[in-house]
Amino acid sequence: MLLTITTTATPATDLGYLLHKHPDRAQSFEQSFGTAHVFYPEATDERCTAALMLEVDPQSLLRSRTSVNTPDFALAQYVNDRPFATSSLFTVALGRVFGSALKGRCQARPELARTPIPLTLSLPAVPCRGGADRARALFEPLGWRVAAEPVPLDPGLPGWGDSHYLSLTLTGTMPLSEALSHLYVLLPAMDGAKHYWVDESEIDKLLRAGGATGEDDDGPGWLAAHPERGWITRRYLNRRDRYVRTALARLAEADDRTGDEEADDPAVEDAAAAPDREERGPSLAEQRAGAVLAVLAAERATSVIDLGCGSGRLLERLVRDHTLERITGVDVSTVSLEHAHRRVCRGCHPDGRGRHRDLFADVTGVREEGSGRLPRPELLVGSVVYRDARFAGHDAAVLMEVVEHLDPSRLTAMEESVFGTAQPRVVVVTTPNAEYNRHYEGLPEGAFRHGDHRFEWTRAEFTAWSEGVAERNGYGVRFLPVGPEHPETGAPTQMGVFTR
Ligand code: SAH
């Protein structure tokens, strides 16, 4: 990732003051995800170019993540909903390396920082889903002349068409800080994904960079006045509705509108409208089931027992996996089992008389339209804290959001029954990560996510318990985060994968 900034102001080498980086020196700045280099390919009084180059080190990126062992790295990307977004890494580097320039600070020459200068910004590879038109719609209203060329997927194979990268050149005259703030906001918006957790502090970052915090008296700032501000805000804030609404309301304020008019503002309405499901992404429960399925596939499980299967969220997906020879669901609650039965045996007893006659009968198959016979899960009333011969003979066992429903004094009994007696080759355990709870609005400190939870563990507690279980029963264990991972609190769900 490369950005070059060229000016023909006189003397052009003033760019060095503005960037706080001397034109004669090449400098490197270590980031957690790689190294940012700043150097000047040319520095004369007539023309001066500064380059910011970011070398992303995939190893560091990987190391900065939670314990993810091969061959599950691909899986971790699946488990977490954040792809590695190149633009947002670059923007982080931009903010760190050119922080003072971005804020328009220049102690040596304060007037210089406020002076519009002729600038050319070049970015040879910018991820931009909307193509050249989108880039023009974003930069032209800000006073840039835009040259945007799609980068072909493979120059040798024209038939493959274009990638979603643009070669972008922006030319205009404005203070350097303003130019940088445009990149700071618009690059991640164009990319539409961030490699890190987006929290409330991003609203302030956005408004500050957009000049809309009212700190200076020079108008509403460029973002509030931008015709695409709704789109930009939504994308910058990773489509988090609540943040988008707050940010747009504050932008409207900055733009000197009254509260009433704000509601009629199509940009506000547009962005506040509930995004469709696809955009919002799968729910945490769905992600969890997906993560468990992915682990079972990675472990090549041939049969699965879902202990504490509840209403069958996982069973429903397991029955569609044609590689599984046997599927069993167990729960203490017959009501839950009935729900599960309805879910996995849809259509098998369309008599609509509530309780299915063969709820716990030994049935062998369920006919799915168009897909022939699928293995029908055996559904058993049972408890994981009692040794049960029916649990044996499965390749893998799943305890998805179940351990936290057990009284802590019964955990040893569960360990004995599952790990000591049934002894499946693979055991997958998921449980809430208590550290993450502070991100749940309206959940008082120290409270649990669910009334029936007997405890919720921090990552350290879950790790300690899991390692003890593994050690005592001859298993190895590794951990995977499920759901969006916050740098401090981790992901909402923690998953332990035990293998014998
Ligand atoms: N695994 C499901 C349900 C989780 S809710 C899912 O993730 O969607 C917890 C489930 O554990 C409930 O259905 C509850 O009835 C069940 N459960 C609680 N104690 C249990 C026990 N001792 N043995 C088996 N199931 C139990």
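Quick note: numbers below take in every heavy atom, side chains included, and nothing from hydrogens, waters or symmetry partners. Just so you know, ligand 1 is whichever comes first in the structure, and atom 1 is the first atom listed for that ligand.
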(message) Using a strict threshold of under 4.0 Å (side-chain N to carboxylate O), is an ion pair present between D204 and R250?
(response)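 Judged by the 4.0 Å cut-off on N to carboxylate O distance, R250 and D204 do form a salt bridge.
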
(message) Determine whether the aromatic ring centres of residues F455 and F448 are separated by less than 6.0 angstrom.
(response)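 Aromatic pair excluded; centres sit 6.0 Å or further apart.
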
Are any protein N/O atoms closer than 3.5 Å to the N/O atoms of ligand 1? If there are, list each pair with names and the distance to one decimal place.
residue: ligand 1; atom: 1 (N); partner: G308; partner atom: O; Å: 2.7
residue: ligand 1; atom: 1 (N); partner: M400; partner atom: O; Å: 2.8
residue: ligand 1; atom: 7 (O); partner: M400; partner atom: O; Å: 3.3
residue: ligand 1; atom: 13 (O); partner: D331; partner atom: OD1; Å: 3.4
residue: ligand 1; atom: 13 (O); partner: D331; partner atom: OD2; Å: 2.8
residue: ligand 1; atom: 15 (O); partner: D331; partner atom: OD1; Å: 2.6
residue: ligand 1; atom: 22 (N); partner: S383; partner atom: OG; Å: 3.1
residue: ligand 1; atom: 23 (N); partner: V384; partner atom: N; Å: 3.0

(request) Begin from the C-alpha positions of V384 and V332 and carry the test side-chain contact (heavy atoms from CB on, under 4.5 Å) through to its verdict. (result) CA-CA 8 Å; V384 292; V332 278; over 6 Å; no

(request) Find out whether Q423 and F419 are in side-chain contact, i.e. whether some heavy atom of one side chain is under 4.5 Å from a heavy atom of the other. (result)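 With C-beta onward as the side chain, the pair stays apart.
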
(request) With the side chain counted from C-beta on, respond yes when I232 and V185 share a heavy-atom pair under 4.5 Å apart, and no when they do not. (result)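 In short, these two side chains touch, coming nearer than 4.5 Å.
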
(message) For T493 and R288, which I'm curious about, is there any donor-acceptor pair between the side chains at under 3.5 Å?
(response)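 Their side chains do contain a donor-acceptor pair, which is all the 3.5 Å distance test asks for.
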
